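Only one structure is covered here, and it is reproduced in the block below.
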Amino acid sequence: MTQLDGAQEAGRLADAVDARSGIRTRAAAADEIGAVLARFDATWGEGRGLDHSTIRALAHAGGTVLVAVPDDDGGVDASGTPPFAAPGEVLGATLGFLGWSGGVHLHSHMNAVAPAARGRGIGAALKLRQRALCLAHGVEEIRWTFDPLIRRNARMNLVRLGAEVADYLPEFYGVLGDEISGSDRSDRFEVRWRLRSPRALRALAGEPAPVWRATSGFALVPDFEALRREAPADAAALRTASVEAFTRMARAGLRPELDAAGDYVFTEDDADREAA
């Protein structure tokens with residue numbers, strides 16, 4: 001497959017996922033930067049992210065500042081338009097910038113979806129649009145970080161998209177103090193998404209992942225964010241246990257994957273291993 005073929009196929013996949021979600025993902029227009037900032041502020045708290053001028057500069061320079069808006073231009077008829085969305089409303093936003101540590105890649109830094117629009121695959125759709133744009137410009141890898149205790153994000157990243165954990169970064173951001181994390185530790189997994197790897201192509205085609213060979217792992221709770229709000233002492237205990245488990249994992253040269261139950265298993269299998 002040539003670079004152009006890969007980019008065109010990635011664009012078609014992103015369009016198809018958009019259509020299933022009743023949205024369009026695209027570059028943010030200059031007059032939408034304020035709405036992008038508002039979406040980030042609503043997610044993490046005012047002043048906890050980038051400011052308007054920085055987002056505007058990233059967009060102007062060609063950074064992937066993308067939005068998801070309702071598809072009200074003919075892709076979905078009026079009866080299929082999401083009832084929670086006004087025409088042109090920014091339901092989701094993401095931004096990324098190029099880096100070259102360990103090879104040229106896009107660092108996908110922020111990805112936010114309006115609460116009323118969650119569960120429709122908008123976060124994944126924005127990632128897939130980033131993928132299509134990267135491949136069109138010859139960039140073969142995207143990286144980002146996520147809280148390893150949030151199961152739904154682990155599932156989207158490792159299973160739905162086919163990214164893989166490249167590093168464990170304890171206390172990566174320091175104390176964030178934002179609307180999501182509060183005073184919790186900012187431990188993160190860094191994932192790399194090799195955009196045309198066998199692993200990614202298998203995941204994007206909806207094919208099953210292998211049963212990873214492992215002798216250790218770590219059990220997740222279904223909703224760590226709810227646990228953190230409702231039982232902070234239990235959440236803190238789970239965080240402490242995870243630091244110990246992930247540190248041992250990293251020192252042993254193992255990689256976390258998800259099993260069928262949605263818990264981590266620590267494996268040394270090749271990340272591109274085929275399903276048996």
Side-chain angles (χ1 to χ4, degrees), residues 1 6 9-10 13-14 17 64 94 96 98-109 111 121 123-135 139-170 172 186-220 224 242-243 245-276:
M1 178 181 291
E9 180 59 31
L13 176 60
V17 172
T64 57
T94 190
L98 287 179
W100 50 78
S101 176
V104 173
H105 62 279
L106 181 83
H107 181 81
S108 183
H109 183 53
N111 194 353
L126 286 163
K127 291 288 191 192
L128 290 169
R129 186 62 62 189
Q130 281 186 321
R131 176 177 181 263
L133 290 168
C134 281
L135 288 174
V139 177
E140 297 275 336
E141 185 173 307
I142 301 177
R143 302 179 198 169
W144 63 92
T145 65
F146 77 97
D147 185 334
L149 296 187
I150 300 179
R151 177 183 272 172
R152 72 175 188 280
N153 288 349
R155 184 173 296 281
M156 184 181 85
N157 296 336
L158 305 185
V159 179
R160 171 69 180 85
L161 299 177
E164 68 208 69
V165 174
D167 204 359
Y168 171 52
L169 306 170
F172 184 59
S186 59
D187 302 330
R188 295 292 184 266
F189 281 159
E190 181 180 27
V191 297
R192 62 172 184 164
W193 195 17
R194 294 175 291 121
L195 302 180
R196 293 199 286 182
S197 67
R199 174 192 181 95
L201 296 178
R202 178 195 70 219
L204 295 177
E207 298 173 3
V211 177
W212 302 102
R213 294 170 291 207
T215 58
S216 60
F218 188 81
L220 297 174
F224 178 74
S242 77
V243 172
F246 298 151
T247 299
R248 289 195 301 269
M249 171 202 73
R251 288 175 177 169
L254 302 176
R255 186 187 70 256
E257 298 283 1
L258 287 182
D259 64 14
D263 294 322
Y264 287 122
V265 293
F266 303 151
T267 183
E268 59 182 1
D269 282 352
D270 189 310
D272 287 324
R273 178 186 157 210
E274 295 184 1

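If you're wondering where the values come from, they're calculated on a predicted model, not measured in any experiment.
Contacts of D167 classified as side-chain hydrogen bond (donor to acceptor under 3.5 Å, both in side chains), with partners at least two apart in sequence or in another chain: none. Shown here are the side chain to side chain contact (heavy atoms under 4.5 Å, CB included) partners of D187, two or more places apart in sequence or in another chain: Y168, P170, E171, R185, R239, V243. Residues passing the ring pair (Phe, Tyr, Trp, His ring centres under 6.0 Å) test with H107, sequence neighbours excluded: F97, H109. Every residue was checked against the side-chain hydrogen bond (donor to acceptor under 3.5 Å, both in side chains) condition with S197, not counting sequence neighbours, and none meets it. Taking the salt bridge (charged side-chain N to carboxylate O under 4.0 Å, His left out) definition, one finds that E164 meets it with R192, R194, sequence neighbours left out. By the side-chain hydrogen bond (donor to acceptor under 3.5 Å, both in side chains) test, S242 is found to be paired with no residue, residues two or more places apart in sequence or in another chain being considered. In this structure N111 satisfies the side-chain hydrogen bond (donor to acceptor under 3.5 Å, both in side chains) test with no other residue, sequence neighbours excluded. Contacts of A203 classified as side chain to side chain contact (heavy atoms under 4.5 Å, CB included), with partners at least two apart in sequence or in another chain: none. The salt bridge (charged side-chain N to carboxylate O under 4.0 Å, His left out) test applied to R131 returns no partner, not counting sequence neighbours.
Atom-to-atom distance recorded for R196:CZ and L201:CG is 9.0 Å, nearest 0.5 angstrom. If you take CG on L135 and CD on E141, they are separated by 11.5 Å, rounding to the nearest 0.5 Å. One distance of note links CD1 of I142 with OG1 of T64; it measures 7.5 Å at 0.5 Å rounding. The distance from the CZ atom of F146 to the CD atom of E190 is 11.0 Å, given to the nearest 0.5 Å.
For the side chain to side chain donor-acceptor pair (under 3.5 Å) condition, the pairs that include at least one residue of residues 153-162, sequence neighbours left out, are W144-N157.
Of the possible polar contacts, one joining the R202 side chain to the R273 backbone as a donor-acceptor pair under 3.5 Å is found. The backbone N or O of A166 lies less than 3.5 Å from no partner atom in the side chain of R255, so there is not a single donor-acceptor pair.
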Please report, to 0.1 Å, the donor-acceptor pairs under 3.5 Å made by any side chain of residues 204-218, with sequence neighbours excluded.
residue : atom : partner : partner atom : Å
R213    : NE   : D269    : OD1          : 2.9
R213    : NE   : D269    : OD2          : 3.4
R213    : NH2  : D269    : OD1          : 3.1

Indicate every side-chain donor-acceptor pair of residues 258-265 with a distance under 3.5 Å to a residue at least two apart or in another chain.
residue : atom : partner : partner atom : Å
D259    : OD1  : A261    : N            : 3.0
D259    : OD1  : G262    : N            : 3.0
D259    : OD1  : D263    : N            : 2.9
D263    : OD1  : R151    : NH2          : 2.8
D263    : OD1  : L220    : N            : 2.9
Y264    : OH   : P148    : O            : 2.6

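When all heavy atoms of L149 and F224 are compared, the pair lying nearest together is O-CB, 3.3 Å. Annotation for A125 and V17: closest pair CB-CG1, 3.9 Å, computed over non-hydrogen atoms. When every heavy atom of G102 is checked against every heavy atom of R143, the shortest pair comes out as O-NH2, 3.1 Å. Of all the heavy atoms in L195 and C134, the pair that sits closest is CD1-CB, 3.8 Å.
The closest side-chain donor-acceptor pair between E257 and T267, if any, does not fall under 3.5 angstrom. Side-chain contact check for K127 and T94: no donor-acceptor pair (N or O, by modelled atom type) lies under 3.5 Å.
No side-chain heavy atom of L106 sits less than 4.5 Å from a side-chain heavy atom of W193.
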Criterion side-chain contact (heavy atoms from CB on, under 4.5 Å) on D147 and R188, from CA distance to verdict:
CA-CA 5 Å; D147 185 334; R188 295 292 184 266; 3.8 Å; yes
**Request:** Determine, step by step, whether L158 and R199 satisfy the side-chain contact (heavy atoms from CB on, under 4.5 Å) criterion, reporting the C-alpha distance in whole Å, the side-chain angles of both residues, the deciding distance to 0.1 Å, and the verdict.
**Result:** CA-CA 10 Å; L158 305 185; R199 174 192 181 95; 4.3 Å; yes
